[in-house]
Amino acid sequence: MTQFSLIIACYKQEQFIRETVDSALALPYPDKEIIVVDDASPDRTAQILEEYGDKIRLIKHEKNLGANVGRNEFRA
């Protein structure tokens, strides 16, 4: 059972997203869920995130909906 979920909302973060996700994955809690919401980034952000496979839960928006929507994203 997941103890907690960490949601990372991002847009155009190609230069920084890998460091952010790696930091979240390195947290010393075995029962964590990392959810990353890409808000239709026009750069390589989504492609970088796809490299993580099942280590993260990736949600990709088709169009930019803004940071608040990304932070409040939840899909069972």
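Note that the coordinates shown come from a computational prediction; the quantities given were computed from them, not determined experimentally.
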(message) The test is side chain to side chain contact (heavy atoms under 4.5 Å, CB included); show your working for Asp38 and Ile17 and say whether it passes.
(response) CA-CA 10 Å; Asp38 177 56; Ile17 195 63; over 6 Å; no
(request) Could you grab the distance from atom OG1 of Thr20 to atom CD1 of Ile34, nearest 0.5 Å is fine? (result) 11.0 Å
(message) If you compare all heavy atoms of Leu49 against all heavy atoms of Ile56, which two are closest, and at what distance to 0.1 Å?
(response) O-CD1, 3.7 Å
(message) According to ring pair (Phe, Tyr, Trp, His ring centres under 6.0 Å), does anything in residues 28-49 pair up with another residue at least two apart or in another chain? List the pairs.
(response) Phe4-Tyr29
(request) Report yes or no: do Val36 and Phe16 belong to one cluster of Ile/Leu/Val/Met/Phe/Trp/Tyr joined by side chain heavy-atom distances under 4.5 Å? (result) no
(request) Evaluate side chain to side chain contact (heavy atoms under 4.5 Å, CB included) for Leu27 paired with Lys32, printing each intermediate quantity in order. (result) CA-CA 9 Å; Leu27 290 170; Lys32 64 184 175 294; 4.1 Å; yes
(message) Which heavy atom of Leu25 sits nearest to which heavy atom of Lys55, and what is that distance?
(response) CD2-O, 3.6 Å
(request) Please answer whether the main-chain N or O of Tyr11 pairs with a side-chain N or O of Gln13 as donor and acceptor at a distance below 3.5 Å. (result) yes
(message) Looking at every non-hydrogen atom in both residues, tell me the closest pair between Leu58 and Ala46 and how far apart they are.
(response) CD2-O, 4.3 Å
(request) Verify, without hydrogens or angle tests, whether Lys60 (side chain) and Val37 (backbone) share a donor-acceptor contact under 3.5 angstrom. (result) no
(message) Enumerate the salt bridge (charged side-chain N to carboxylate O under 4.0 Å, His left out) contacts for residues 4-13, please, sequence neighbours excluded, ordered by first and then second residue.
(response) none
(request) Sequence neighbours left out, what pairs pass salt bridge (charged side-chain N to carboxylate O under 4.0 Å, His left out) with at least one residue falling in residues 14-30? (result) Glu14-Arg44, Arg18-Glu51
(message) Tell me every residue that passes side-chain hydrogen bond (donor to acceptor under 3.5 Å, both in side chains) with Gln47, counting only those two or more places apart in sequence or in another chain.
(response) none
(request) List for me each residue that meets side chain to side chain contact (heavy atoms under 4.5 Å, CB included) alongside Pro28, sequence neighbours excluded, and say none if there are none. (result) none
(request) Identify the heavy atoms of Cys10 and Ser41 that sit nearest to each other, and give their distance. (result) O-OG, 4.1 Å
